[in-house]
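Within every chain, numbering begins at 1; the chains are lettered A, B, ... in the order of the sequence lines, protein sequences first and strands thereafter.
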Amino acid sequence: MDRNKLIKWIKTPAKMGNKYSLHAVYFCTGCGIIEIPPTITTRWDAERFGVTPAATPRQANLFLITGYVSLKTLKSIIRTYEQMPEPKYTVGFGSCPINGGMYWDSYNTIKHLDKYIPVDGWIAGCMPRPEAIFIAVTHLWKMIDNDMADGYKKYRNNYDQYRANQEKVLGSLDWPPLFK
Amino acid sequence: MNDLKQKIEMAFDSIDINIPEDNRMIINISKDGVISILSYLKNAGYEHLALISCVDLINENEFELVYIVSAYMKRDDEFHDREKQNIIIKTRISRKKTRFMTVINIFENAEPYEREIYELFGINFQGHPRLKPLFLEIEYEMPPFRKNFDTRKFVDDMFGNIPEIEGH
């Protein structure tokens, strides 16, 4: 263990625990998921940074949206996100979740992911290299340290707006609101 | 391939066959003859329907349906010429009266292809047992793969009005 961080560990153990055990949901969408297998396996070995894939969303706290999001995928993204326990962090991956990317005039792809679920960070590029994922992870550490990765709180506080936006594109949703 | 061409020309009248390259045959046929030529080819050993596709020819006010059939490899230790041949059957239907008959009775695996074309081009396949949406999540005013579907206007209407989230 890094001795300089000992004080941090004693002061805020929960925060440090969250930081160094980011469990990513196995969720594939778009082309970016191609970058994930080399990232989590031996070549780049994401476990050096504490990032490891989790079997179910209920055991995960990092959600990588790896590419364009169609309407059908958005539905499962919302379901998955709402199942994850707090604190949870979302990272949009590539240019498509940011503003639609090359699917900016597609009839079936949503354009701005952050209007439907909160997104803590973006990785630009089409496609980002695996190194970019680690840069994002280290940025996320800093944000967690400074309490800036508060997307899940934003979701809780502004749930009405998020739910209204989700219902606007998907029609009625099959499940009851998460927060009353 | 030329033998098959002669046989088909003898069996069907008013049919246009050309062979643009080796092992590929394009058959243009009117829409009434599709069922009979597909069953003829199936009996001739072309038992695999590889794909059904649709092309929107908006300038000619017609849809073109494309069927590709090929043959399976047989295990009788005997090489058949047909095993590397693709036969493409093309037919035109009017854009105003988007109705056609299903080919499920001949090739059962046509079901998802016909559902897809129904969903994306709006062609109604008569006799299809469950003609309901396959891929799309929401309903569109016009089937989205038609050429006169205005994608940009649709995107502006649908996604342009969604507000940003305000607050922390």
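- For chain B, the option among A:Asp150, A:Thr109, A:Leu74 with the highest count of heavy-atom pairs below 4.5 Å is A:Thr109.
- The parts of A:Ile110 that come within reach of chain B are both its backbone and its side chain, each placing non-hydrogen atoms under 4.5 angstrom from that chain.
- Ring pair A:Tyr155/A:Tyr81: centre-to-centre distance below 6.0 Å.
- Aromatic ring centroids of A:Tyr107 and B:Phe154 lie 6.0 Å or more apart.
- In this structure, the portion of B:Asn161 lying under 4.5 Å from any heavy atom of chain A is its backbone and not its side chain.
- A:Lys15 and A:Tyr20 share no donor-acceptor pair across their side chains, judged by distance under 3.5 Å alone.
- With a 4.5 Å cut-off on side-chain heavy atoms, B:Asn109 and B:Glu111 do not count as touching.
- Chosen from B:Leu136, B:Thr151, B:Val155, B:Ile165, the residue pairing most often with chain A at heavy-atom distances under 4.5 Å is B:Ile165.
- For A:Tyr116, the part lying near chain B is the side chain, with the backbone staying farther off; criterion is any non-hydrogen pair under 4.5 Å.
- Between B:Tyr140 and A:Asn108, the side chains place a donor N or O and an acceptor N or O closer than 3.5 Å (distance only, hydrogens not considered).
- Between chain B and the options A:Lys115, A:Lys75, A:Lys154, heavy-atom pairs under 4.5 Å are most frequent for A:Lys115.
- For A:Ser70, no part lies under 4.5 angstrom from a heavy atom of chain B.
- Contact check on B:Asp157 versus B:Lys153 returns a salt bridge, with a Lys/Arg side-chain nitrogen under 4.0 Å from an Asp/Glu carboxylate oxygen.
- Only the side chain of B:Ile138 comes within less than 4.5 Å of a heavy atom of chain A; its backbone N, CA, C and O stay farther away.
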Self-check item: Audit row: A:Trp175, A:Arg79, side chain to side chain contact (heavy atoms under 4.5 Å, CB included) steps and yes/no
Solution: CA-CA 9 Å; A:Trp175 57 91; A:Arg79 284 194 108 122; 3.6 Å; yes
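- Proximity to chain A (any heavy atom under 4.5 Å) is shown, for B:Glu139, by neither the backbone nor the side chain.
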